[in-house]
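For reference, the structure discussed in these notes is given below.
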Amino acid sequence: MLPYGSYYEPPEPAPGYGYDNTYSDNTYSGYGGARFLEQHWPTVSHHPDARTAQPSEPAPGPQHEAPVQQLPRHEVPQHEIQQHEVPQHEDPPTIELSALGEELHYPYPQPEPGEAPGPLYVVGDVHGYLDELLAALHQQGLIDAEGHWSAGRSRIWFLGDFTDRGPDGIGVIDLVMQLAAEAAAAGGYCRALMGNHELLFLGASRYGDEPVQSTAGTASFLAAWRLNGGQQHDLDRLETHHISWLSRLPAIALEDEHLLLHSDTTAYLEYGESIAAVNDAVHALLADEGADEWWDCFRRFTKRFAFRGDAGPTAVHELLSAYGGRRVVHGHSPIPYLTGSAHLEDGTPPHVPGPYIYADELAIAMDGGVTMEGRLLVARLPLN
Ligand SMILES: [Mn+2]
């Protein structure tokens with residue numbers, strides 16, 4: 001890994017990664033004040049070694065073996081969401097809780113009704129890695145061993161990109177929808193932003209192979225989705241209630257002085273001068289417009305890296321002055337790409353100690369690169 005703040009050349013995008021040339025449309029001269037916030041709690045990686053650990057093997061690290069439990073696939077509460085017959089195309093490996101160590105922390109207070117809101121958490125890009133999501137939420141004490149909300153009045157924001165690349169995107173959406181219902185019942189909330197992969201996935205479902213106008217020539221949502229990690233079994237399992245939920249996700253939100261957005265781009269400003277205006281514009285577009293407009297929106301929200309380099313803090317300030325907040329918190333650009341540590345020649349997974357704070361400490365990157373053997377990050381805000 002390069003020292004923070006040093007110059008580096010933007011890496012070549014990995015095959016199939018990225019949708020256009022936005023990896024190379026900037027120059028970089030350094031990152032003012034960039035640093036990692038170390039996450040000290042253990043995490044589970046989806047590295048093959050972690051997935052094949054046998055229950056009989058003592059987990060490395062912990063002094064005591066915790067009782068062996070398995071994180072089940074979540075169950076959608078019948079009273080909240082209509083049950084569907086979901087074909088099980090594959091049986092993703094489960095993660096033994098014993099491998100997580102028995103030190104499970106439940107750091108959130110449980111305020112009485114009428115007290116201040118519960119603690120605020122953000123979750124980076126999940127991209128279908130349901131087991132990693134369950135493990136990360138459980139380790140923070142936000143869900144119990146059965147995958148149900150156990151965080152009381154806590155507030156969780158997912159930063160978008162639930163599907164594609166990983167094994168169970170629909171399972172991730174189902175879990176987040178379930179937690180949203182359970183959190184509301186407990187006096188907290190679980191909310192989510194719309195990422196560019198939501199636009200891509202919805203576009204693939206709605207427009208399929210229909211040609212769209214692209215600067216790179218003829219394209220289609222279905223082809224682009226497949227090229228960027230789309231999993232046919234997710235499309236096969238996409239139901240009307242998923243589409244309704246995904247289509248109504250906000251693109252940006254402001255919470256506790258943090259401006260939450262999926263992509264590290266100022267393209268949101270092209271859709272409105274207030275948070276409500278942006279979200280209304282995106283929802284109206286998804287409701288009324290055609291494939292070309294959807295594609296244009298997808299492309300804008302797929303831009304990245306606006307907060308890097310000398311111009312990064314200025315770009316952040318543009319967003320903060322329009323929408324409010326003192327920091328932006330985003331997903332979308334994997335931290336290993338932001339730091340230039342994505343492709344190590346010896347093939348070792350990228351080192352992601354935790355959320356990445358950069359742009360004169362005005363920006364927090366939360367995509368830990370779970371798709372590239374990094375980490376699925378869950379962080380409590382504010383970070384210091
Ligand atoms: Mn994204």
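Only this structure's heavy atoms are used, side chains among them; waters, hydrogens and symmetry mates stay out. Everything quoted here is computed from the prediction, not taken from an experiment.
- Put simply, the side chain of Phe36 does not reach to within 4.5 Å of the side chain of Pro355, judged on heavy atoms.
- Scanning all heavy atoms of the two residues, the minimum distance from Asp292 to Pro211 falls at OD1-O, 4.3 Å.
- Side-chain polar atoms of Arg304 and Ser333 form a donor-acceptor pair below 3.5 angstrom.
- The side-chain heavy atoms of Ser247 and Leu202, taken from C-beta on, include a pair separated by under 4.5 Å.
- Each of Leu259, Leu159, Ile357 was evaluated against Val329; a single residue qualifies, Leu159, per the side chain to side chain contact (heavy atoms under 4.5 Å, CB included) test.
- Between the side chains of Thr265 and Ser263, no donor-acceptor pair is found at a separation under 3.5 Å.
- Ring-plane geometry between Tyr271 and Phe301 is classed as tilted, the angle between the planes lying from 30 to 60 degrees on a 0 to 90 degree scale.
- Side chain of Asn279 to backbone of Ala251: a donor-acceptor contact under 3.5 angstrom is found.
- Every residue two or more places apart in sequence or in another chain that forms a salt bridge (Lys or Arg N to Asp or Glu O under 4.0 Å) with Glu270 is listed here: Arg300.
- His258 has its side chain out of reach of Trp157: every pair of non-hydrogen atoms, C-beta onward, lies at least 4.5 Å apart.
- When the shell of 6.0 Å around CD of Gln213 is examined, it contains 12 or fewer heavy atoms from other residues, nucleotides or ligands.
- Counting heavy-atom neighbours within 6.0 Å of Glu273 CD, excluding the residue itself, gives a total of 12 or less.
- A side-chain donor-acceptor contact under 3.5 Å links His138 to the backbone of Ile143.
- The two residues Ala359 and Gly312 have their closest heavy-atom pair at CB-C, 4.4 Å.
- Side-chain N or O atoms of Arg327 include one that pairs as donor or acceptor with a backbone N or O of Glu361 at under 3.5 Å.
- Between the side chain of Gln178 and the backbone N or O of Gly147, at least one donor-acceptor pair lies under 3.5 Å.
- For the ring-ring contact (aromatic ring centres under 6.0 Å, His included) test, residues two or more places apart in sequence or in another chain that qualify with His262 are His332.
- Side-chain contact between Gln232 and Asp236 is present, with at least one heavy-atom pair separated by less than 4.5 Å.
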| said: Using the rule given for side chain to side chain contact (heavy atoms under 4.5 Å, CB included), can you reason through Val212 versus Trp294, listing the C-alpha separation, both sets of side-chain angles and the distance that settles it, and then say yes or no? | reply: CA-CA 9 Å; Val212 293; Trp294 279 45; over 6 Å; no
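- The closest side-chain heavy-atom distance from Leu137 to Leu179 is below 4.5 Å.
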| field | side chain to side chain contact (heavy atoms under 4.5 Å, CB included) between Val123 and Leu133, worked out | value | CA-CA 9 Å; Val123 184; Leu133 176 60; 4.0 Å; yes
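- Using modelled atom types and a 3.5 Å distance limit, the side chains of Asn196 and Thr302 yield a donor-acceptor pair.
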| query | Between Asp174 and His242, does a side chain to side chain donor-acceptor pair (under 3.5 Å) hold up when you go through it step by step? | reply | CA-CA 8 Å; Asp174 282 339; His242 298 131; 2.6 Å; yes
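- Put simply, the side chain of Leu319 reaches to within 4.5 Å of the side chain of Leu269, judged on heavy atoms.
- For Tyr323, there are no ring-ring contact (aromatic ring centres under 6.0 Å, His included) partners, not counting sequence neighbours.
- Annotation: the span from Ile243 atom CD1 to Glu198 atom CD amounts to 13.0 Å, rounded to 0.5 Å.
- For the atom pair Ser154 OG and Leu142 CG, the distance stands at 6.0 Å (nearest 0.5 Å).
- Closest heavy-atom contact between Ala183 and Cys190: CB-N, 3.7 Å.
- The pair Arg375-Glu132 does not meet the salt-bridge criterion, since no charged nitrogen lies less than 4.0 angstrom from a carboxylate oxygen.
- A donor-acceptor pair under 3.5 Å links the side-chain atoms of His283 to the main chain of Leu249, judged by distance alone.
- In this structure a side-chain-to-backbone donor-acceptor pair under 3.5 Å is missing from Gln139 to Ala136.
- Here the CD1 atom belonging to Ile275 is positioned 4.5 Å from the CG atom belonging to Leu254, to the nearest 0.5 angstrom.
- Contact detail for Ala306 and Ala315: the closest heavy-atom pair is O-CB, 3.4 Å.
- Without hydrogens or angle criteria, Asp360 side chain to Leu362 main chain gives no donor-acceptor distance under 3.5 Å.
- Using modelled atom types, one side-chain atom of Arg153 and one backbone atom of Ala116 make a donor-acceptor pair closer than 3.5 Å.
- Distance check: Gln140 CD to Ile156 CD1 gives 9.0 Å after rounding to the nearest 0.5 Å.
- Under a 3.5 Å cut-off, the side chain of Asp161 and the backbone N or O of His197 do form a donor-acceptor pair.
- Residues Val352 and Gly368 approach most closely at CG2-O, 3.5 Å, considering heavy atoms.
- The aromatic rings of Trp225 and Phe201 lie parallel to each other, their planes meeting at an angle below 30°, with 60° marking the opposite boundary.
- A pairwise comparison of heavy atoms in Ser341 and Thr339 identifies OG-OG1, 2.9 Å as the closest pair.
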| message | If you apply the rule side chain to side chain contact (heavy atoms under 4.5 Å, CB included), what do you find for Asp256 with Leu381, and how did you get there? | response | CA-CA 8 Å; Asp256 292 0; Leu381 298 180; over 6 Å; no
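- Between the Arg206 side chain and the Leu286 main chain, a donor and an acceptor come within less than 3.5 Å of each other.
- When side chains are defined from C-beta on, Phe158 does not count as touching Val172, because their heavy atoms never get closer than 4.5 Å.
- Here the side chains of Gln231 and Thr163 are not in contact, with every heavy-atom distance at 4.5 Å or above.
- Using the six-membered ring where Trp is involved, Phe221 and Trp295 have ring planes that are perpendicular, over 60° apart on the 30 and 60° scheme.
- For the atom pair CG of Leu130 and CD1 of Ile173, the computed distance is 11.0 Å after rounding to the nearest 0.5 Å.
- Between atom CD1 of residue Ile335 and atom OH of residue Tyr356 there is a gap of 9.0 Å, rounded to the nearest 0.5 Å.
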